Structures are given as structure tokens and as C-alpha cells.
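Heads up: numbering here begins at 1 and tracks the sequence. Owing to the predicted nature of the structure, the values given are computational and were not obtained by experimental measurement.
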Amino acid sequence: MHDTGKPSPTNTKPTSPTIPPTQQAARPQSPAAAADPADDEDETDVIGDLMGHYGKWQLLMTVLLSLFQVPNTFHISSSVYQAANKDFWCQRPPQLQQMPVDVWRNLSGSTDNCHRRDGIDWSRLSNETTSQWELPQDGNGKLVACENWEYETHDNVGNTWTSEWDLVCDKEHLKQVAEMFFLLGVATGGIISGYLSDKFGRKTMLFISAVLQTIFGLWLYICSSFELYLTLRALLGLVSVSVTYSGLILAIEYVDGKWRTIAGMYNLFPLPISYMIISGLAYLTQDYQRLQLCIGLPGIFLCFLWFVVPESPRWLLVKGRIDEVRRIIEAAAKFNGRQLPADYQLTPPTQESSSQDFTYLFRSSYLRRISICFLCIWFTMNLVYYGIILNMSSFGGNVYLNSALAGLVEIPAIALAMYIITKVGKKWLFCATLICAGVACCCAAITEGRADLLWLKITFLMMGKFTISAGNTIMPVYTAELYPTPIRNVGVGACNVAAGLALILTPYLSLLNKIEDHLLMTLLTAWSIFGGVVVLFLPETAVRSKASNSTPGQGSAPHPNASAAKQV
């Protein structure tokens with residue numbers, strides 16, 4: 001769950017929690033006018049001039065806020081282990097518990113593990129009297145649905161949703177429903193979290209959401225009702241995106257100028273580390289309840305940061321709470337070793353209303369082109385990125401090792417993308433990440449079903465994860481730069497709707513392998529290449545920057561847009 005944007009501190013729009021943060025300016029001007037991205041990046045204000053644009057205080061606060069990404073990543077990726085598939089079969093009679101499973105399946109006619117022969121008096125058989133395991137002759141040959149099942153206990157998966165609530169056969173789809181409920185909550189939370197953060201404050205919403213996230217996370221540990229479990233998963237997704245959204249806004253509003261992009265983007269680094277940590281926790285616990293306890297507890301300690309992390313001084317200034325702003329500026333300046341002027345003045349900025357809405361995205365050929373392209377690209381990026389992450393248990397091999405490797409390769413991908421986009425144009429690099437991800441998924445699809453080539457398939461998957469992670473870092477930066485300033489919030493918000501749709505569909509991708517082994521990777525290949533081709537229809541940011549004319553106006557505090565999962 002990540003964020004994009006640099007909007008006004010009093011007029012933020014919700015976004016998907018799974019997209020990396022960047023910056024966005026909010027200067028009042030005509031919707032037709034394009035803001036110069038370079039100018040947006042260099043914006044500073046009196047708060048930054050007083051306490052420092054970026055110093056030890058900002059570093060400490062933004063690092064602390066990045067820690068809130070850890071439980072968010074835990075919760076969004078936990079279903080990889082909690083919903084893992086298990087080998088199962090119809091329950092054996094008590095006296096046949098020692099019968100080999102393969103023999104029992106043959107004897108009961110349970111070839112699909114969902115039905116067994118009807119009309120057989122199993123009490124006539126026992127482990128002692130059935131040395132040849134002959135089928136009784138009183139069966140009528142009909143098959144009836146099994147009522148209870150047994151599960152493999154030595155599969156390194158342990159107790160999952162499947163074994164806890166018998167989510168097999170005609171109830172197997174409920175695993176995808178449980179995953180979808182969380183992501184539906186994420187998509188819904190993105191709609192309201194921006195408004196609440198603007199109204200009640202970034203810090204207030206961050207910690208209210210963090211407390212609720214901890215409560216719902218620990219409640220899931222003791223929950224025994226599947227229906228209640230679904231409800232709690234949805235609520236957990238809703239507050240998790242608010243944690244990401246409010247935390248990213250707060251982190252970015254501690255800095256200004258070019259540091260907004262940097263502070264937002266390095267907020268992504270806890271994500272891959274969290275992927276590796278939860279894979280280790282899942283391996284050690286091998287029980288969905290114990291894993292839930294492990295990923296729910298960190299939120300308790302994060303809540304104590306309430307006494308360390310201050311409210312956004314820029315939001316407070318907009319609200320006219322000058323005394324609180326002064327206290328924060330003085331503490332930050334002292335920590336940064338800066339001398340404050342004796343008579344500095346703080347004046348709340350004048351806010352100008354903006355009436356731009358969704359229709360502005362289609363009022364010119366330029367806006368129509370980039371809006372349609374970005375809607376397709378954001379849908380594609382989230383579908384492929386989370387299609388890989390949330391389906392690790394479907395790819396074969398060791399799910400714990402695969403997930404840890406997927407997190408590991410994302411670290412250099414984020415770092416490399418952050419470095420390159422500050423040096424070169426983004427269009428061709430962004431296109432290359434999607435095309436390369438498609439090629440990697442295509443190669444993985446070719447090796448599908450070949451047990452002797454499993455290592456090669458996993459290698460291609462990690463290559464795909466590396467490139468799609470780099471693209472996921474570039475995407476929000478590119479989006480924010482191409483949209484004109486006054487409608488950038490609207491544009492990114494519309495993109496996050498597309499991202500939310502992709503998130504909701506992601507849990508069902510694993511069902512494609514039940515239709516045909518190559519279908520999942522083939523679909524990811526097609527979407528990746530499609531996204532790469534769509535990027536070609538976008539202009540290069542460097543070209544647009546030179547042609548853009550910015551209109552002088554009041555600078556604003558940054559605003560990230562949350563989907564995501566990153567992050568989400």
C-alpha cells in the first residue's frame with residue numbers, strides 16, 4: 001500500500017494503498033494550464049526555511065513513520081500462508097485411521113476427495129481384519145458428498161483457513177472471498193481516508209487507524225466464526241489503508257522541495273523487508289492463528305509513537321493553530337541545530353477552492369490520452385504486481401523461500417529505480433520494466449508443469465518481480481508529473497479506482513491454474529506487455545517539462561495517494 005501526490009493539505013483525495021509515494025503540488029490555476037514538474041519539486045515554504053528542509057529531525061520522523069508500513073505489509077501478504085492449499089481426503093471411519101490414504105481413496109471411490117461410495121457398512125472393516133482391503137459387496141455404487149475431511153499434517157503448511165473451516169470442494173472459493181474482503185476494504189478505505197485525514201489531522205487519523213488495525217488484527221487471532229472473520233478482514237483492510245495514507249502524508253509534510261519525493265519513496269523500503277520477515281514467521285509458526293498473533297502484536301508498540309511523532313506543522317498552519325506550529329518548529333530547529341529568527345511570523349495561507357472533477361480528465365485530447373493510458377497502466381501494474389505476490393503458493397516449490405526471495409529482489413529494484421529516475425526520462429525506462437516483466441512471465445509460463453525446470457521457473461518469476469517492482473516505483477512519479485497541477489488529485493484518484501479493481505480481482509487469479517496450468521502466467525504476460533505498449537502513447541516528462549508554463553501561486557504541502565500494498 002503506497003501513495004502518490006502532492007496536493008493541498010486541506011483538499012486531499014483518497015488513493016489506492018498499494019502504490020509508491022511521490023509528490024504533487026496544488027497551485028491554483030486553470031485546469032488547462034500545465035504545471036512544471038521541476039517547479040513543483042523545488043517548492044519550499046516558510047516552515048521549511050525555519051526548521052530546515054531536511055535534517056536529522058526530518059530523517060528521524062520519516063524513518064519512524066515508515067515503520068507503519070511493516071504491519072500493513074504483514075496483513076496484505078498473510079493470506080499467502082493462511083490460505084495455502086492443503087492435501088485432503090474424505091474422513092476415514094475411526095477403525096480405519098491406520099489405513100493408507102491412497103488405499104482409502106481407492107476403497108471409498110473418492111477420486112476427487114469430495115465424494116465417496118454410499119451404502120457401505122464400514123463398521124464391518126477394521127485395521128485388523130482387512131489385510132487385503134477388499135471392497136464390501138453391499139455398496140450400491142452411488143457417490144455421496146463427504147461431510148468431513150482429513151488433512152495432511154506433514155506438509156510444512158500447518159493449520160490454515162482450509163483445514164480450520166473445511167474450505168474444500170464446493171466451499172473452496174471462500175478462500176478467495178476472504179482475501180477479496182480484505183482488498184475490498186483497502187479499496188473502500190482509499191475513498192474516505194483522504195477526507196478524514198484532511199478534516200481531523202494526519203496524526204490523529206494515523207493513530208486512530210493504527211489502534212483499530214491492532215484491535216482487528218488481534219481479534220482475528222481469537223475469531224472462530226468464518227463469517228465474523230470475513231467482516232474483520234474487511235475492516236482490517238479499511239483501516240490499514242488509512243494507516244498508510246495518513247502516515248505517508250505526515251512523512252512528506254515534514255519536508256519540502258525535492259525532499260518530498262525522496263521522503264515518500266524511501267518509505268517503500270520496509271515493504272520488501274516485511275515480505276521476508278513474514279515468510280520466516282509463517283515458516284516458524286505454521287499455523288494461521290499463531291501467525292496472526294505475530295503480525296498483530298507489532299501494532300501495539302507502534303501506537304506508543306503517539307508520544308514521539310508530532311502533527312503535521314503544515315496542516316496545523318492551514319488550520320490556524322499557530323502556537324502548536326511554533327512548538328514543533330522550535331523543537332525541530334533545535335534538533336537540527338538551526339537558529340531561529342527572534343521575530344519570525346507565521347500566517348495561515350489563503351485557501352482557494354477548486355471545482356475540478358472527473359470530467360476534467362477528458363476535456364482535451366492531451367488529458368484524454370494520458371487519462372485512458374494511466375487507467376490501463378495502473379490496473380495492469382497492480383494486477384501483475386500483486387498477482388505475483390499473492391499467488392506465491394500457486395507457483396510450486398517452497399512458498400516460504402519463494403516469498404523471501406520476492407522480497408529480497410525488490411530492495412535493489414526500488415533503489416535502482418529511485419536512482420535512475422532522477423537521472424533520465426521515465427517513459428522508456430517505465431516501458432522497459434513492464435515489457436521485461438512480461439518476457440519473464442512468458443518464460444515462466446513455458447516452464448510451467450516441468451518439475452525438472454522448477455528452479456528455472458522460480459528464477460524467471462524473481463526476474464519478473466524485480467522488474468515489476470521497479471515499474472511500481474516509477475509509475476506514481478510519472479503519473480504526478482504528467483497531470484497538470486490543478487487536476488492532479490483527480491487524475492491520481494481516478495487511477496487508484498482502476499488499481500482498486502485490480503486488487504479485488506487478484507485473489508481469483510489462482511483459480512486460473514485449475515482451468516489450465518499455463519493460464520495464470522500467460523495472463524500476467526499478456527497484461528504486462530499490454531501495459532508496456534500503452535506507456536508508448538504517453539509523452540516523455542522531460543519534453544513536457546520544457547514546454548509547460550507554470551502559473552505563480554501559493555505553494556502547498558504534499559499529499560500522497562494510498563493503494564497499496566506497495567502498501568498498502
Side-chain angles (χ1 to χ4, degrees), residues 1-3 9-10 12 17 21 23 45 47-48 50-74 193-194 196-215 217 239-256 259-260 262-271 273-274 297-319 321-338 557-560 562 567-568:
M1 290 181 281
H2 318 103
D3 265 294
T10 59
T12 54
Q23 67 172 6
D45 58 19
I47 293 178
L50 289 170
M51 68 182 188
H53 304 300
Y54 193 86
K56 292 184 294 182
W57 184 86
Q58 286 91 340
L59 175 62
L60 175 62
M61 293 302 150
T62 51
V63 167
L64 290 176
L65 288 171
S66 73
L67 297 178
F68 285 91
Q69 292 283 6
V70 174
N72 286 345
T73 307
F74 284 167
S193 57
L196 295 176
S197 179
D198 284 341
K199 184 174 180 63
F200 299 107
R202 287 73 162 102
K203 177 182 177 179
T204 301
M205 282 308 303
L206 171 63
F207 284 94
I208 289 177
S209 300
V211 169
L212 291 176
Q213 182 187 59
T214 303
I215 292 173
V239 297
S240 292
V241 65
S242 184
V243 169
T244 296
Y245 187 92
S246 302
L248 283 172
I249 298 176
L250 194 53
I252 293 176
E253 289 185 355
Y254 284 151
V255 301
D256 66 355
W259 297 104
R260 290 168 177 166
I262 297 173
M265 293 182 70
Y266 74 55
N267 196 276
L268 298 175
F269 279 106
L271 272 70
I273 297 173
S274 300
L297 287 175
I300 296 177
F301 302 101
L302 290 176
C303 291
F304 287 101
L305 291 179
W306 170 271
F307 303 102
V308 179
V309 175
E311 180 57 90
S312 164
R314 290 171 172 86
W315 180 83
L316 291 172
L317 184 62
V318 168
K319 296 298 182 180
R321 294 157 63 172
I322 305 298
D323 291 340
E324 296 176 66
V325 178
R326 287 183 180 276
R327 286 196 294 269
I328 295 173
I329 290 177
E330 290 167 4
K334 181 180 180 181
F335 198 88
N336 287 337
R338 294 175 63 90
H559 155 96
Q567 341 327 141
V568 132

Salt bridge Arg202-Glu253, side-chain N to carboxylate O under 4.0 Å = yes
Any chance you could measure Asn336, atom CG, to Leu60, atom CG, to the nearest 0.5 Å?
-> 10.0 Å
Do Phe74 and Ser240 have side chains that get closer than 4.5 Å, going by heavy atoms?
-> no
Could I get the full list of salt bridge (Lys or Arg N to Asp or Glu O under 4.0 Å) partners for Arg327, not counting sequence neighbours?
-> none
Would you say Asn72 and Gln213 make side-chain contact, with heavy atoms under 4.5 Å?
-> yes
State, yes or no, whether a side-chain contact exists between Trp315 and Arg321 at a heavy-atom distance under 4.5 Å.
-> yes
For Glu330, enumerate each residue passing the salt bridge (Lys or Arg N to Asp or Glu O under 4.0 Å) test, keeping only those at least two apart in sequence or located in another chain.
-> none
Set of ring-ring contact (aromatic ring centres under 6.0 Å, His included) partners for Phe207, sequence neighbours left out | Phe68, Trp306
Return the minimal non-hydrogen interatomic distance between Thr62 and Ala251, and the atom names on each side.
-> CG2-O, 3.5 Å
Heavy atoms, side chains only, cut-off 4.5 Å: are Leu65 and Leu206 in contact?
-> yes
Taking every heavy atom of Val308 against every heavy atom of Leu64, the minimum-distance pair comes out as CG1-CD1, 3.8 Å
Full working for side-chain contact (heavy atoms from CB on, under 4.5 Å) between Arg338 and Leu50 = CA-CA 8 Å; Arg338 294 175 63 90; Leu50 289 170; over 6 Å; no
Does any non-hydrogen side-chain atom of Gln69 lie less than 4.5 Å from one of Val243?
-> no
Please name the residue in the list Leu250, Ile328, Val325, Leu317 that meets the side-chain contact (heavy atoms from CB on, under 4.5 Å) test with Ser312.
-> Leu250
Main-chain N/O of Val239 paired with Ser242 side-chain donor or acceptor, under 3.5 Å = no
Side chain proximity check, Pro270 to Thr73, heavy atoms < 4.5 angstrom | no
Could you tell me whether the side chain of Tyr54 reaches within less than 4.5 Å of the side chain of Tyr254, counting heavy atoms only?
-> no
Could you check if a side-chain atom of Lys203 sits within less than 4.5 angstrom of a side-chain atom of Ser246, using non-hydrogen atoms only?
-> no
Kindly indicate, with the supporting measurements, whether the criterion side-chain contact (heavy atoms from CB on, under 4.5 Å) is fulfilled by Gln58 and Met51.
-> CA-CA 9 Å; Gln58 286 91 340; Met51 68 182 188; 4.0 Å; yes
